[in-house]
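Just so it is clear, the structure is predicted and the values come from calculations on it, not from any experiment. Chain A is the first sequence line, chain B the second, and so forth, proteins listed ahead of strands; every chain is numbered from 1.
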Amino acid sequence: MKRTELFTKTLREAPAEEVAKNAQLLIRAGFVHKEMAGVYAYMPLGLRVLENIKRIVREEMNAAGGQEVMMTTLQPRDIWEKTDRWDDRKVDNWFKTKLANGTELGVGLTHEEPVVDAVSNYASSYRDLPFAVYQIQNKFRNELRAKSGLLRGREFVMKDLYSFSRNQEEHMRVYERYVKAYFSVYDRLGLGDITYRTYADGGIFTPRFSDEFQVVSPVGEDTIYVDEVKRIAINKEIFTDENLEKLGLKREELVEKRGIEAGNTFHLESKYTDALGVYYTDENGERRSYVMGCYGIGVSRLVGVIAEHFSDERGLVWPESIAPFMIYLASIGEVHDDAQKLYTLLRGKGIEVLWDDRDVRPGEKFADCDLMGIPHRVVVSPKTIDLNKFEYKHRTGNSAELLTLETLLARLDAS
RNA sequence: CGGGGAGUGGCGCAGUCCGGUAGCGCACGCGGUUUGGGACCGCGGGGUCGCAGGUUCGAAUCCUGUCUCCCCGACCA
């Protein structure tokens, strides 16, 4: 894409109302637009990042056997009453609305009930099991207080997956498979080293712990205790001697840290299927309860987490796996034809290039390139043309170097 | 929802205490000089000062109400 075709602009200063680093940088660089508290719209660059994260999540969920669906945002009241989750005193962050005839509707905040309801039309035999469905969709939660930029919003993009198994043993195999898939996701996002599987409260309907995937960060909302050798952690909310013993953790081996919950997985047992009267038939023709699991990843929250973590005093520093563009091509001086040639050549190789073809001074191009966090910067100028080379610099590098076309392409291939 | 702070062109701010017809920087438009780390000069467009009442000859400024935003807390992916 050419910079002159991109309608968004960069700002020198962030809006005063934004304090969170992730929101400040994303707004300054033109990635997101704040619609209201806790509600952000994605502009072209931000959408590219969001879609890249979705792609990675999708690939890993598919690889683990998940089948993608898309449930609805509008929710009928009856199925939620069956599981006792309609009442505002039970679930206090519903957004609700009405049909013209007065019928009350819910605006989806999670999808256990509708997924169970939909699945019951198709799967009813042990032969169908196990299976899992997932979706990547906007969720709406009426949080009392939105904060921390993209980290806690009222409308956000979430991947939610629901597994259905025959029994506990099968469920645990499936469960661990998705836990593994989660780490593949975090690894590919560059967060693997600072993400800990964290034991947390499992909820009212299971004696078991749930797992949270906590990204260590000073701005995290959760306090966790990390065993850095075993690479697991325990959330402060269940930090008791009894639980430590149960989990085989020793108080003296744990380090207190702050974490951002970037995902979680729960054992749902048969709570929702039983409540909705949905069962399967086993090989003996007997009616049996499903064993369910649910698995969430805050996709839009990850945009904020990564912006927060991968940034420096000059701006964002996207990992290549999700960067909006791979290369920032800055043309300096009267070099349009040469820049065009390189632009076409790189795009022909399937490389995403943002060509800054504006008639502005070099410093402004470099500053924007750094602020936007594009991994590779290539400069075409009269000087580089005279030498028959290109100037190359990595976002995290200290200095630029002059490379021939072949070396440049090899450098990009290697990364 | 409790406590604290703040709403003035798209963004950052001054002006509010002490009422007199709105200003600066960035961004935007035109002209010119510039051109390797956010250049400079000149000219120009854009704001019913969050909203609604009230006081006053006169309100961004004083009074009342209301909406919104941010921070801390409680709650939560």
Side-chain angles (χ1 to χ4, degrees), chain A residues 7-20 23-24 27-30 33-39 57 89 91-94 108-112 136-161 182 198 200-201 203 210-215 219-222 235 237 259-266 294-305 313-315 328 330-335 356 358-372 377 379-384 391 393 398-400 402:
Chain A
F7 75 86
T8 57
K9 290 195 170 65
T10 57
L11 297 173
R12 282 167 189 267
E13 295 168 298
E17 63 180 31
E18 292 287 3
V19 172
Q24 286 191 341
I27 289 173
R28 280 187 56 211
H33 166 75
K34 184 180 193 169
E35 192 68 25
M36 59 180 116
V39 181
V57 169
R89 284 167 299 187
V91 177
D92 62 6
N93 57 357
W94 267 112
L109 43 65
T110 182
H111 282 80
E112 284 83 3
I136 298 174
Q137 196 207 39
N138 280 25
K139 296 280 191 267
F140 300 85
R141 296 187 186 180
N142 202 349
E143 301 289 346
L144 290 173
R145 182 185 162 205
K147 60 172 179 174
S148 308
L150 301 212
L151 300 183
R152 175 161 303 284
R154 297 196 168 98
E155 174 175 351
F156 55 96
V157 182
M158 182 171 167
K159 184 283 304 175
D160 46 324
L161 181 140
Y182 269 38
T198 305
D201 186 41
S210 65
D211 290 288
E212 293 175 341
F213 296 81
Q214 293 277 359
V215 179
V219 302
E221 296 182 289
D222 291 302
N235 196 305
E237 62 190 25
I260 303 169
E261 189 178 350
N264 60 15
T265 56
F266 284 94
C294 83
Y295 316 73
I297 290 182
V299 176
S300 52
R301 173 178 281 183
L302 280 169
V303 176
V305 169
E313 66 287 344
R314 289 177 300 167
Y328 196 98
S331 50
I332 296 174
E334 304 292 323
V335 297
D356 194 340
R358 296 174 303 166
D359 181 25
V360 300
R361 296 161 69 94
E364 194 169 339
K365 298 193 180 193
F366 298 155
D368 272 3
C369 171
D370 289 342
L371 177 59
M372 290 177 178
R377 187 183 85 192
V379 175
V380 174
S381 72
K383 185 174 80 183
T384 66
E391 183 187 296
K393 180 183 167 302
N398 293 319
S399 55
L402 288 164

Whole-Å distance, A:Glu143 CD to B:C1 C1', equals 13 Å
In whole Å, I'd like the distance from the CD1 atom of A:Ile27 to the C1' atom of B:G12. 13 Å
Looking only at heavy atoms, what is the nearest atom pair of A:Gly38 and A:Ala146, with distance? CA-CB, 3.5 Å
Round to the nearest Å and state the distance from A:Asn264 atom CG to B:A77 atom P. 7 Å
Taking CD from A:Glu313 and P from B:G37, how many angstroms apart are they, rounded to a whole number? 17 Å
Polar atom pairs between nucleotides 66-72 of chain B and protein, under 3.5 Å, N or O only, would you list them?
unit_1	atom_1	unit_2	atom_2	d
B:C69	OP1	A:Ala37	N	3.4
B:C69	O3'	A:Lys34	NZ	3.3
B:C69	O2'	A:Glu17	OE1	3.1
B:C70	OP1	A:Lys34	NZ	2.7
B:C72	OP2	A:Arg145	NH2	2.6

Any residue meeting ring pair (Phe, Tyr, Trp, His ring centres under 6.0 Å) with A:Tyr182, in chain and number order, not counting sequence neighbours: A:Phe213
Under a 3.5 Å limit on both distances, the Watson-Crick or wobble mate of B:G44 is B:C28
Examine A:Arg377 relative to A:Phe366 and say whether NZ or CZ is less than 6.0 Å from the centre of the six-membered ring and inside a 45° cone about the ring axis. yes
Hey, which sits more toward the 5' end of RNA chain B by its nearest nucleotide, A:Ala14 or A:Glu221? A:Ala14
What's the spacing between A:Ile136 CD1 and A:Leu161 CG if we round to 0.5 Å? 10.5 Å
Could you list the protein-to-nucleotides 26-36 of chain B atom pairs, N/O on both sides, closer than 3.5 Å?
unit_1	atom_1	unit_2	atom_2	d
B:U34	O2	A:Arg361	NH1	3.1
B:G36	O6	A:Ser381	OG	2.3
B:G36	N1	A:Glu391	OE1	2.6
B:G36	N2	A:Glu391	OE1	2.4
B:G36	N2	A:Glu391	OE2	2.5

Could you check A:Arg301 against A:Leu11 and say which one's nearest nucleotide on RNA chain B is further toward the 5' end? A:Leu11
Nucleotide B:A77, atom P - distance to CG of A:Asn138 in whole Å: 17 Å
Spacing between A:Leu144 atom CG and B:G2 atom P, to the nearest angstrom: 10 Å
Searching all strands shown, indicate the nucleotide that pairs with B:U55 (Watson-Crick or G-U wobble; both distances under 3.5 Å). none
